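For reference, the structure is listed below as structure tokens.
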Amino acid sequence: MINKHIIGLKITTTNENNQAQEDLTQLRKSFYDQANAELQTFKKEPYTYVVYTNYQGDFQQGNYDCYLGVASESTLTGFASCDIKLEKYQIFDFPYYSPEDTIEARKTIWANQSLKRAYLADLEIYDFEHNRLQIIISIIED
């Protein structure tokens with residue numbers, strides 16, 4: 001089971017008309033320009049998280065919320081937060097050297113026709129020290 005409390009910055013976006021690519025680029029910029037240094041005081045793990053949740057459709061259409069932040073036990077931080085509880089999920093591991101690696105990793109997952117996505121929450125876990133990206137996709141129970 002995955003059980004995380006994530007604090008950081010939040011946007012609502014969609015993959016339609018490449019809107020998410022623009023929004024996520026701006027979210028990353030805001031995070032690294034402003035929020036990241038302050039979030040370090042609340043961080044309980046050495047990773048950076050991106051959480052996709054509250055899907056109103058699937059990965060091709062509909063809005064969803066996106067959080068960029070850190071795992072924390074603190075709840076009164078002044079940052080946006082979300083709680084992730086997943087029992088059924090599939091984990092994908094990728095090398096990570098640039099934001100383009102995330103785009104390519106997502107394309108690989110989206111092309112997987114056998115993946116039965118639940119659209120509850122999906123996570124990207126960035127381990128910058130080891131140049132690794134782990135993507136966790138919520139799935140439907142068989």
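Keep in mind that what you see is a predicted model, and the values were worked out from it rather than measured. Just the heavy atoms: all of them, side chains too, but no hydrogens, waters or symmetry mates, feed the values below.
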Count the heavy atoms belonging to other residues, nucleotides or ligands that lie under 6.0 Å from [atom1] of [X], then report whether that count exceeds 12.
X	atom1	value
Y47	OH	no
K44	NZ	yes
N17	CG	no

Verify the distance criterion only: is there a donor paired with an acceptor across the side chains of [X] and [Y] at less than 3.5 Å?
X	Y	answer
N15	Q19	no
N112	S114	yes
D65	T12	yes

Sequence neighbours left out, cut at 3.5 Å: what donor-acceptor pairs do the side chains of residues 66-74 make with other protein atoms?
{"from": "S72", "atom 1": "OG", "to": "F42", "atom 2": "O", "distance (Å)": "3.0"}
{"from": "S72", "atom 1": "OG", "to": "S74", "atom 2": "N", "distance (Å)": "3.0"}

Is the backbone N or O of D23 less than 3.5 Å from a side-chain atom of T13, with the two atoms forming a donor-acceptor pair by type?
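No; zero donor-acceptor contacts below 3.5 Å.
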Return yes if some donor-acceptor pair links the side-chain N/O of E38 with the main-chain N/O of Q34 below 3.5 Å, else return no.
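Pair absent, no side-chain N/O of E38 close to backbone of Q34.
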Name every donor-acceptor pair, under 3.5 Å, that has one atom in a side chain of residues 89-99 and the other anywhere in the protein, sequence neighbours excluded.
{"from": "D93", "atom 1": "OD1", "to": "Q134", "atom 2": "NE2", "distance (Å)": "3.3"}
{"from": "S98", "atom 1": "OG", "to": "E100", "atom 2": "N", "distance (Å)": "3.4"}
{"from": "S98", "atom 1": "OG", "to": "E100", "atom 2": "OE1", "distance (Å)": "2.9"}

Is there a path of hydrophobic side-chain contacts, each under 4.5 Å between heavy atoms of I, L, V, M, F, W or Y residues, that connects I137 with Y119?
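Same cluster: I137 reaches Y119 through Ile, Leu, Val, Met, Phe, Trp or Tyr contacts under 4.5 Å.
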Holding to ring-ring contact (aromatic ring centres under 6.0 Å, His included), I want the full list of residues that pass it with F79, two or more places apart in sequence or in another chain.
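ring-ring contact (aromatic ring centres under 6.0 Å, His included) list for F79, sorted by chain: empty.
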